[in-house]
Amino acid sequence: MAKVNPSTRTKEDFFNLVWQVVRLIPKGRVTSYGAIAKFLGTGSSARTVGWAMNASHHATPAVPAHRVVNRLGMLSGKHHFSTPEAMENALKREGIEVKDDKVVDFAKLFWDPGKELDW
DNA sequence: ATGCTGACGTCGC
DNA sequence: CGCGACGCCAGCA
């Protein structure tokens, strides 16, 4: 995963980069919006990562947005899926336990792109 | 064109 | 230790 030069980066690239990173998340692991934001460069706010997820619905190939949660491991974006249960179900199907809209053992399942990827 | 809002995160009080 | 405010980038009224 090569880091794109910020000067040559366009907004389309930003969305693309976010999607790329999310797609690289191993099955059964999760990451946070902030982690992705930092991976792309501190300049990119975590909020914008959320917007990228919002736009990821029509992205191809599909983006596993359900593996992205906030820094507390809460499924803050579940309401933006086709159904509120979709996110939780998808996670459970991958072996991730979800309790009260939170990822169980989030710290252990956390997947840091900056640490796992080569940049 | 301006301003508010949003799937967040951090710092300040 | 809990709550509030600000910053960040992009979309929409």
Side-chain angles (χ1 to χ4, degrees):
Chain A
M1 187 61 185
K3 187 176 163 75
V4 175
N5 188 329
S7 57
T8 61
R9 186 171 69 195
T10 69
K11 52 186 175 184
E12 277 190 27
D13 286 336
F14 180 80
F15 280 66
N16 247 316
L17 286 169
V18 174
W19 297 340
Q20 280 182 51
V21 174
V22 175
R23 279 194 282 253
L24 288 174
I25 301 174
K27 183 182 177 186
R29 304 290 296 280
V30 293
T31 193
S32 70
Y33 302 96
I36 297 172
K38 281 186 179 177
F39 174 71
L40 297 179
T42 322
S44 308
S45 174
R47 284 178 175 254
T48 316
V49 176
W51 260 158
M53 295 296 100
N54 191 15
S56 73
H57 277 287
H58 56 78
T60 51
V63 177
H66 59 274
R67 294 179 191 154
V68 184
V69 295
N70 68 4
R71 80 179 184 98
L72 300 177
M74 298 208 272
L75 310 188
S76 35
K78 61 181 288 184
H79 226 219
H80 287 262
F81 282 76
S82 47
T83 69
E85 313 92 48
M87 187 174 188
E88 185 173 332
N89 274 329
L91 289 173
K92 284 183 176 176
R93 211 171 50 215
E94 296 184 354
I96 299 176
E97 289 188 49
V98 178
K99 183 83 175 180
D100 197 31
D101 290 350
K102 296 186 306 257
V103 174
V104 180
D105 288 330
F106 173 67
K108 203 158 62 174
L109 297 172
F110 182 71
W111 182 83
D112 188 351
K115 185 178 179 181
E116 303 292 337
L117 301 179
D118 182 35
W119 67 313

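Hydrogens, waters and symmetry mates play no part in the numbers below; they use all other heavy atoms, side chains included. Chain letters run A, B, ... following the sequence lines, proteins first and then strands; every chain starts at 1.
For F15(A), taking side-chain heavy atoms from C-beta onward, the closest of the listed nucleotides dG11(C), dT10(B), dA7(B) is dG11(C).
From L40(A), atom CG reaches atom CD of Q20(A) across 9.5 Å, with rounding to the nearest 0.5 Å.
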Check the pair M74(A) / D100(A) against side chain to side chain contact (heavy atoms under 4.5 Å, CB included), numbers first and verdict last. CA-CA 9 Å; M74(A) 298 208 272; D100(A) 197 31; over 6 Å; no
N/O-N/O pairs, protein side and nucleotides 11-13 of chain B side, under 3.5 Å:
none

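K102(A) pairs by the side chain to side chain donor-acceptor pair (under 3.5 Å) definition with nothing, not counting sequence neighbours. A55(A) pairs by the side chain to side chain contact (heavy atoms under 4.5 Å, CB included) definition with F15(A), W19(A), H58(A), not counting sequence neighbours. By the side chain to side chain donor-acceptor pair (under 3.5 Å) test, E94(A) is found to be paired with H66(A), R67(A), residues two or more places apart in sequence or in another chain being considered. Residues passing the ring-ring contact (aromatic ring centres under 6.0 Å, His included) test with F106(A), sequence neighbours excluded: F110(A). Residues passing the side chain to side chain contact (heavy atoms under 4.5 Å, CB included) test with W51(A) are N54(A), sequence neighbours excluded.
Atom name P, nucleotides dA7(B) and dG2(C): the rounded distance is 24 Å, in whole Å.
Rounded to an integer number of Å, the gap from L17(A) CG to dC9(C) P is 15 Å. In this structure, the CG atom of L72(A) is 13 Å from the C1' atom of dA7(B), given to the nearest Å. dG9(B) atom C1' lies 7 Å from atom CZ of R71(A), rounded to whole Å. Computed from coordinates, the K78(A) NZ to dA7(B) P distance equals 14 Å when rounded to whole Å. Rounded to an integer number of Å, the gap from N16(A) CG to dA10(C) P is 14 Å. As rounded to whole Å, 14 Å separates atom C1' of dG6(B) from atom CG of N70(A). Rounded to an integer number of Å, the gap from H80(A) NE2 to dG11(C) P is 15 Å. Across the protein-nucleic acid pair, M74(A) atom CE and dG9(B) atom C1' stand 12 Å apart, rounded to whole Å.
Sequence neighbours left out, not one pair with a member in residues 18-32 of chain A passes salt bridge (charged side-chain N to carboxylate O under 4.0 Å, His left out). Here salt bridge (charged side-chain N to carboxylate O under 4.0 Å, His left out) pairs that include residues 48-62 of chain A, with residues two or more places apart or in two chains, number zero. Within the structure, side-chain hydrogen bond (donor to acceptor under 3.5 Å, both in side chains) contacts touching residues 75-84 of chain A (residues at least two apart or in different chains) are K78(A)-D101(A).
Side-chain atoms of S32(A) never come within 3.5 Å of backbone atoms of N70(A) as a donor-acceptor pair (strictly under, hydrogens ignored).
Put simply, V18(A) and F39(A) are part of the same group of oily side chains (I, L, V, M, F, W, Y) that touch within less than 4.5 Å, one to the next. V103(A) and I25(A) are members of different hydrophobic clusters when ILVMFWY side chains are connected at heavy-atom separations under 4.5 Å. Both L117(A) and Y33(A) belong to a single network of hydrophobic side chains, linked directly or stepwise wherever heavy atoms of I, L, V, M, F, W or Y lie under 4.5 Å apart.
The stretch residues 29-36 of chain A touches DNA chain B through S32(A), Y33(A), G34(A), each having a heavy atom under 4.0 angstrom from the strand. Interface residues of residues 90-115 of chain A facing DNA chain B, ordered by number: none; criterion, heavy-atom separation under 4.0 Å. Within residues 48-61 of chain A, the residues having any heavy atom under 4.0 Å from DNA chain C are, by residue number, T48(A), W51(A).
For K38(A), a side-chain nitrogen or oxygen approaches OP1 or OP2 of dT10(B) to under 4.0 Å.
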